[in-house]
Amino acid sequence: MPSLQLPTYDDVAAAARRLEGQAHRTPVLRSRTADALLGAQLFFKCENFQRMGAFKFRGAFNALSQFTPAQRKTGVLAFSSGNHAQAIALSARILGMPAAIVMPLDAPAAKLAATRGYGAEVITYDRFTEDRQAISQRLAQERGTTLIPPYDHPDVLAGQGTAAKELFDEVGELDHLFVCLGGGGLLSGSALAARALSPHCKIYGVEPEAGNDGQQSFQRGEIVHIDTPKTIADGAQTQFLGQYTFAIIRRDVDDIVTASDAQLVQTMRFFAERMKMLVEPTGCLGFAGAQHGGVALQGARVGVIISGGNVDLARFAQLVAL
Ligand SMILES: *Cc1c(COP(=O)(O)O)cnc(C)c1O
């Protein structure tokens with residue numbers, strides 16, 4: 001395989017400049033209860049308050065804003081189980097280009113509706129029997145549009161890294177940083193930011209227990225593929241890491257831990273009750289991993305990225321009522 005040209009911290013910094021005035025600079029929240037629970041100082045970077053409700057706006061806008069005039073004319077195509085779809089749809093609308101999104105039939109209703117609401121064309125497929133990558137590539141070829149994948153793209157992962165950059169810019173260096181892990185765009189981008197801005201910070205990816213392909217890949221030193229995992233963390237149901245994301249994760253991340261669905265529900269309740277925030281199951285991975293991942297955090301300064309807040313209210317009620 002030819003060696004990849006990996007993005008660097010400079011690409012994260014350039015993305016931050018492109019996102020100025022477009023993305024929200026989301027708040028970093030504290031909680032005495034969380035601090036007491038872990039015996040540490042916690043800093044929550046709240047991307048559930050980002051535009052369209054998740055960090056994915058950062059990567060999507062960074063990628064689309066670098067399209068050539070010809071690419072802008074034919075527009076963008078994306079495949080996504082949810083938040084990337086909305087992120088691409090919103091970014092395309094801001095930049096005035098057409099967007100077509102390939103989404104699973106069983107994606108949360110709020111995510112399908114939001115994507116259509118941003119003016120994108122939605123094409124559905126069956127997540128358990130059809131290959132979204134093949135469908136998307138065929139469509140992109142037929143239509144001449146540019147395919148922007150949800151995580152394995154230098155501009156996407158550099159954009160995602162701007163959330164961690166803002167966190168370090170605001171609170172200074174940290175001892176540990178916990179980041180949700182699906183395909184690894186957020187984790188690899190965060191790692192680029194952390195290595196530059198807080199070189200001694202230990203970085204952890206947190207995956208759903210039922211879908212620990214990233215953990216297996218990290219341990220084996222090669223990308224491991226798994227079947228679509230059954231977990232409530234629908235934003236982390238990815239089957240494998242990307243070429244770019246894995247190369248950076250392997251080089252810069254310290255470990256990958258997991259959280260069970262029951263721990264994610266417990267964390268959703270914590271955010272709602274104690275911090276008055278609606279966080280989607282996938283967005284709870286970081287804090288669940290900090291609490292249950294077996295990392296000693298006593299007395300440390302710990303960053304947690306809350307990745308998103310897009311969950312149907314009925315679904316949220318059903319999960320936290322258990
Ligand atoms: C996409 C997503 C993730 C996982 O991000 P990757 O870059 O695929 O690792 C985590 N949380 C939320 C809310 C997401 O939308």
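As the structure lists them, so they are numbered: ligands from 1, and atoms in each ligand from 1. All values below come from the heavy atoms of this structure, side chains included, with hydrogens, waters and symmetry mates left out.
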Check ligand 1 against G184 and write out every atom of the ligand that is under 4.0 Å from a heavy-atom position of the residue.
6 (P), 7 (O), 8 (O), 9 (O)
Under-4.0 Å salt bridge between D169 and K45:
no
If you measure every N or O of A54 against every N or O of ligand 1, does any of those distances drop under 3.5 Å?
no
Within 4.0 Å of some non-hydrogen atom of G235, the atoms of ligand 1 are 1 (C), 2 (C), 3 (C), 4 (C)
May I ask you to check whether Y151 has an N/O atom sitting below 3.5 Å from an N/O atom of ligand 1?
no
So, is T238 polar-close to ligand 1, with some N/O to N/O distance under 3.5 Å?
no
Work out whether the distance between some heavy atom of L186 and some atom of ligand 1 is less than 4.0 Å.
yes
Among all protein non-hydrogen atoms, which one is nearest to atom 14 (C) of ligand 1, and what is the separation to 0.1 Å?
K56 NZ, 2.9 Å
Any nitrogen or oxygen of G183, side chain or backbone, less than 3.5 Å from one on ligand 1?
yes
If you have a sec, work out which protein heavy atom is nearest atom 13 (C) of ligand 1 and how many Å separate them, to one decimal?
S307 OG, 3.2 Å
Would T231 and D261 count as a side chain to side chain donor-acceptor pair (under 3.5 Å) if you check the C-alpha gap in whole Å, the side-chain angles of each, and the deciding distance to 0.1 Å?
CA-CA 6 Å; T231 166; D261 279 6; 2.7 Å; yes
Can you hop from L6 to F218 via hydrophobic side chains spaced under 4.5 Å?
yes
Going by an N to O cut-off under 4.0 Å, is there a salt bridge joining R30 and D35?
yes
Can you tell whether the side chains of R143 and E121 come within less than 4.0 Å, N to carboxylate O?
yes
Per-atom contacts, ligand 1 versus G182 - under 4.0 Å to a heavy atom
4 (C), 6 (P), 8 (O), 9 (O)
For H200, look at atom NE2 and say whether over 12 heavy atoms of other residues, nucleotides or ligands are found less than 6.0 Å away.
no
Sub-4.0 Å atoms of ligand 1 with respect to non-hydrogen atoms of G308
13 (C)
Any atoms of ligand 1 less than 4.0 Å from a non-hydrogen atom of G185? List them with their elements.
6 (P), 7 (O), 9 (O)
For atom 5 (O) of ligand 1, what is the nearest protein heavy atom, given as residue, atom name and distance?
F55 CZ, 3.4 Å
Is there a continuous path of hydrophobic side-chain contacts, each under 4.5 Å between heavy atoms, that joins L105 to I123?
no
Would you please determine whether E280 falls within less than 4.0 Å of ligand 1 on a heavy-atom basis?
yes
Atom pair CD1 (I101) and CG (L139), whose distance is rounded to the nearest 0.5 Å:
11.5 Å
Please work out whether the ring planes of F178 and Y204 are parallel, tilted or perpendicular, with thresholds of 30° and 60°.
parallel
Can you name the atoms of ligand 1, numbered from 1 with element, that are less than 4.0 Å from a heavy atom of N83?
13 (C), 14 (C), 15 (O)
Test: E166 and R58 ion pair at under 4.0 Å
yes
